[in-house]
Amino acid sequence: NAGVTQTPKFRVLKTGQSMTLLCAQDMNHEYMYWYRQDPGMGLRLIHYSVGEGTTAKGEVPDGYNVSRLKKQNFLLGLESAAPSQTSVYFCASSYPGDSLNTEAFFGQGTRLTVV
Amino acid sequence: AQSVSQHNHHVILSEAASLELGCNYSYGGTVNLFWYVQYPGQHLQLLLKYFSGDPLVKGIKGFEAEFIKSKFSFNLRKPSVQWSDTAEYFCAVNVPGGFKTIFGAGTRLFVKA
């Protein structure tokens with residue numbers, strides 16, 4: 001049981017380049033999330049999905065797009081990378097079937113540097 | 001809107017010292033509360049969680065947290081820290097059945113051997 005897997009783990013982009021981060025979970029979770037982590041700011045929600053085919057904006061969605069074509073995958077895209085998007089990105093998933101257990105499970109993170 | 005405040009951004013302790021990290025949240029209704037830990041270079045892992053029942057929650061590695069509803073607080077404690085507790089600690093809150101978890105800014109703990 002791998003849990004939540006993110007690829008790639010590291011990436012360096014030039015300003016203006018595009019890339020896609022992939023998140024895969026094998027826990028049959030309905031909800032998936034993309035966060036960015038910056039020093040002193042905790043984790044900020046970029047986009048999230050409450051089910052296959054649905055996505056919604058979080059706190060800091062500008063410059064990012066997402067897709068949830070399959071329940072187990074949640075893709076985060078940067079169409080034109082900017083230095084301000086240098087960050088560590090975490091994917092997470094959770095299962096709403098039990099309304100009490102809203103614990104999120106996290107991937108290992110992707111360290112992205114935009115130069 | 002929900003928010004989470006962690007009082008200390010950096011804490012330095014010697015081994016065997018006691019630890020208390022403060023966390024306050026702003027939301028008037030029922031909440032689920034979490035503490036996550038992130039060891040250097042690793043992802044976030046759940047330390048403990050509170051959903052209902054006994055407000056004193058025990059987690060892994062000797063950590064515990066107390067939910068005080070009247071103070072909107074969920075402080076993390078450990079009686080005696082170890083060097084291996086050096087990490088960043090995040091308090092988080094969400095609404096039962098909800099999907100948006102709000103995180104605090106984090107507290108970096110450094111334990112001197």
Side-chain angles (χ1 to χ4, degrees), chain A residues 2-7 9-10 21 23 25 27 29-51 54-61 68 74 87-111, chain B residues 1-11 21-25 27 29-54 57 59-60 65 67 87-108:
Chain A
V4 180
T5 304
Q6 291 180 232
T7 53
K9 289 185 171 50
F10 302 94
L21 282 67
C23 176
Q25 53 94 4
M27 297 174 282
H29 284 172
E30 289 292 335
Y31 295 162
M32 296 188 74
Y33 319 81
W34 276 106
Y35 289 90
R36 58 178 290 173
Q37 183 183 25
D38 302 292
M41 304 188 77
L43 276 77
R44 292 181 293 170
L45 185 63
I46 304 171
H47 286 280
Y48 62 96
S49 168
V50 299
T54 71
T55 63
K57 294 180 179 180
E59 302 170 72
V60 288
R68 184 98 180 268
F74 194 31
S87 187
V88 180
Y89 292 86
F90 285 99
C91 177
S93 69
S94 65
Y95 176 60
D98 176 351
S99 64
L100 289 180
N101 187 5
T102 53
E103 173 188 349
F105 295 82
F106 285 85
Q108 295 282 349
T110 297
R111 185 173 293 275
Chain B
Q2 300 165 35
S3 66
V4 179
S5 297
Q6 292 184 237
H7 309 310
N8 309 97
H9 293 299
H10 294 90
V11 174
L21 301 182
C23 173
N24 286 91
Y25 66 93
Y27 184 73
T30 302
V31 293
N32 293 335
L33 297 158
F34 307 84
W35 276 98
Y36 286 87
V37 59
Q38 185 178 29
Y39 297 104
Q42 297 190 25
H43 65 294
L44 275 76
Q45 304 169 45
L46 185 70
L47 203 53
L48 48 80
K49 58 189 176 186
Y50 172 81
F51 293 152
S52 64
D54 189 343
V57 179
I60 61 172
F67 170 50
E88 189 159 14
Y89 294 81
F90 294 92
C91 182
V93 61
N94 65 26
V95 175
F99 43 81
K100 286 171 65 175
T101 299
I102 305 300
F103 287 83
T107 298
R108 286 183 182 267

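Every chain is numbered from 1 and lettered A, B, ... according to where its sequence line falls, protein lines coming before strand lines. Here the structure is a predicted model, which means the values were calculated and not measured.
Only the side chain of B:L46 comes within contact range of chain A, with heavy atoms under 4.5 Å apart. Looking at A:Q37, only its side chain comes within 4.5 Å of chain B, counting heavy atoms on both sides. Contacts of B:Q45 with chain A are absent, with no heavy-atom separation under 4.5 Å from either backbone or side chain.
Nearest approach of B:A105 to A:G40, heavy atoms of both residues: CB-O, 3.5 Å. The two residues B:F34 and A:E103 come nearest to each other via the heavy atoms CE2-CA, 3.7 Å.
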Can you check side-chain contact (heavy atoms from CB on, under 4.5 Å) on A:F105 and B:H43, steps first, answer last?
CA-CA 10 Å; A:F105 295 82; B:H43 65 294; over 6 Å; no

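Under the rule for a salt bridge (Lys or Arg N to Asp or Glu O under 4.0 Å), the partners of B:R108 that lie at least two apart in sequence or sit in another chain are B:E88. Residues meeting the side chain to side chain donor-acceptor pair (under 3.5 Å) test with A:D38, sequence neighbours left out: A:R36, A:R44, A:S87.
Side chain of A:Y33 to backbone of B:T101: no donor-acceptor contact under 3.5 angstrom is found.
Contacts with chain A were tallied for B:Q6, B:H9, B:Q38; B:Q38 has the most, counting heavy-atom pairs under 4.5 Å.
Rounded to the nearest 0.5 angstrom, B:F103 CZ and A:Y35 OH are separated by 4.5 Å.
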